[in-house]
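Labels below follow one simple rule: chain letters A, B, ... track the order of the sequence lines, proteins then strands, and each chain is numbered from 1.
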There are 2 protein chains.
Amino acid sequence: MTDANAFDLNTFLPYRLNAVAGRISRAFAERYREEFGISIPEWRVLVHLHQGGDVSVRDVEARVDMEKSKVSRAASRLEAAGYITKAVNDSDRRLLLLRLTPEGEALVARLLPVAIGYQEEMKARLGPLVEGLEAGIAALLDDPK
Amino acid sequence: MTDANAFDLNTFLPYRLNAVAGRISRAFAERYREEFGISIPEWRVLVHLHQGGDVSVRDVEARVDMEKSKVSRAASRLEAAGYITKAVNDSDRRLLLLRLTPEGEALVARLLPVAIGYQEEMKARLGPLVEGLEAGIAALLDDPK
DNA sequence: TTGACTTTGTTGCATATGCAATAAATATTT
DNA sequence: AAATATTTATTGCATATGCAACAAAGTCAA
């Protein structure tokens, strides 16, 4: 059945998955850059800090699907912008304690509604198909690999 | 209901979509780099040339979800590697005619079964959930926007 | 304690990327 | 026809990325 001559990129699942994700991400990134002046890596760090308590670079790396160098650089930019602080963890001086500043908290408070609204838009476009999409993503993402 | 304090990145649809797509793409890219020495942009150009007839950079850009500069650079690398040729389109001398060489055709013939196999693996992992995933992707991707 | 090994975060480096600017060809307007 | 505008592909530039190398701190074993 799988005739290689008939191969069509537009029905190729890995390609399609990557293409949607790219478009969604680009739109999301543009919005965040314009409204808040931050990138997606920075957004992820902020949101993770908002969720968890004291957090190290390693923690962010593990939970947010980013290389540690990417996390490190995002954190440095956020620190320079005054949204987070970096402190040394006294019980293990290799670890950083990343924390939101009051400015960072305020920024997250403005960010989250926009994020949630964006998600709502997506879900509205999907209608009843959301569930199937989420189930498929879960199967690929949360699998033991 | 959407309480911003309860926001959880791991249930945030745009994030999850991007995370799966990233993992799938990285695995795919690694495989293609190791086995064939080509990148995903190059892969896309090759496959598109295999599908269509004579093709310009603009055609690839329109159909393959890539910036024209990315297409241009991928095409240059493929030309240097001997997989495609660039000729001037005599009916409109602004356009290129990109064509697979015999080596390019041979490469594509080896590439496609691997791609199809990769897709099969994905589908096997998804089981009956494939359809829902594909429907969701279609709703987001093929929409009038 | 000493020495070997591991973990954590940062940085250097090579490559990739998007965007704007450009040159060449064509199309359009006057 | 001449002047202007548009389209196509490439390239320069600034930024982003992943990976490997590294320094500092900690762990473990003898």
Between the base of dG12(D) and the side chain of Arg73(B), is there a donor and acceptor pair under 3.5 angstrom?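 For Arg73(B), whose side chain was compared with the base of dG12(D), there is a donor-acceptor pair (under 3.5 Å).
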So for Arg58(A) and dT8(C), does any side-chain atom that can act as donor or acceptor lie under 3.5 Å from a complementary atom in the base?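 Such a pair does not exist between side chain and base.
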Can you tell me if [X] touches the phosphate of [N], counting only side-chain N or O atoms and a distance under 4.0 Å to OP1 or OP2?
| X | N | result |
| --- | --- | --- |
| Lys86(A) | dT10(C) | yes |
| Ser69(B) | dT10(D) | no |
| Ser72(A) | dT10(C) | yes |
| Lys68(A) | dG9(C) | no |

Counting any heavy atom closer than 4.0 Å, what does Ser56(A) reach on the DNA or RNA strands: base, sugar-phosphate only, or nothing?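 The residue Ser56(A) makes sugar-phosphate contact but no base contact.
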Nearest-angstrom distance from the residue atom [atom1] of [X] to [atom2] of [N]:
| X | N | atom1 | atom2 | value |
| --- | --- | --- | --- | --- |
| Met66(B) | dT10(D) | CE | P | 12 Å |
| Glu67(A) | dT10(C) | CD | P | 14 Å |
| Glu30(B) | dT17(D) | CD | C1' | 16 Å |
| Arg94(B) | dA23(C) | CZ | C1' | 13 Å |
| Arg26(B) | dC19(D) | CZ | P | 9 Å |
| Asp92(B) | dT7(D) | CG | P | 12 Å |
| Arg93(A) | dA23(D) | CZ | P | 19 Å |
| Leu96(A) | dT11(C) | CG | P | 11 Å |

Here's a test of your reading of the structure: between Asp90(A) and Glu42(A), which maps to the more 5' nucleotide of DNA chain D?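 Nearer the 5' end of the strand: Glu42(A).
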Starting at the 5' end of DNA chain D and moving along, which residue's nearest nucleotide shows up first, Arg77(A) or Asn89(A)?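 Residue closer to the 5' terminus by nearest nucleotide: Arg77(A).
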Do Thr101(A) and Glu103(A) get their side chains close enough for a donor-acceptor pair, meaning under 3.5 Å?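 There is such a pair (donor and acceptor under 3.5 Å, judged by atom type) between the side chains of Thr101(A) and Glu103(A).
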Donor-acceptor pair between Asp8(A) and Thr11(A) side chains, under 3.5 angstrom: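 Side-chain D/A pair, Asp8(A) to Thr11(A): absent.
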Is the distance between the ring centroids of Tyr118(A) and Trp43(A) under 6.0 Å?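 Judged by ring-centre distance (under 6.0 Å), Tyr118(A) and Trp43(A) do not meet the cut-off.
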Assess whether a salt bridge exists between Glu121(B) and Arg31(B), defined as any Lys/Arg side-chain N lying under 4.0 Å from an Asp/Glu carboxylate O.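 A salt bridge is present here (some side-chain N lies under 4.0 Å from a carboxylate O).
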May I ask you to say whether Arg58(A) pairs ionically with Asp92(A), meaning some side-chain N is under 4.0 Å from a carboxylate O?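 Not counted as a salt bridge, because no side-chain N and carboxylate O are separated by less than 4.0 Å.
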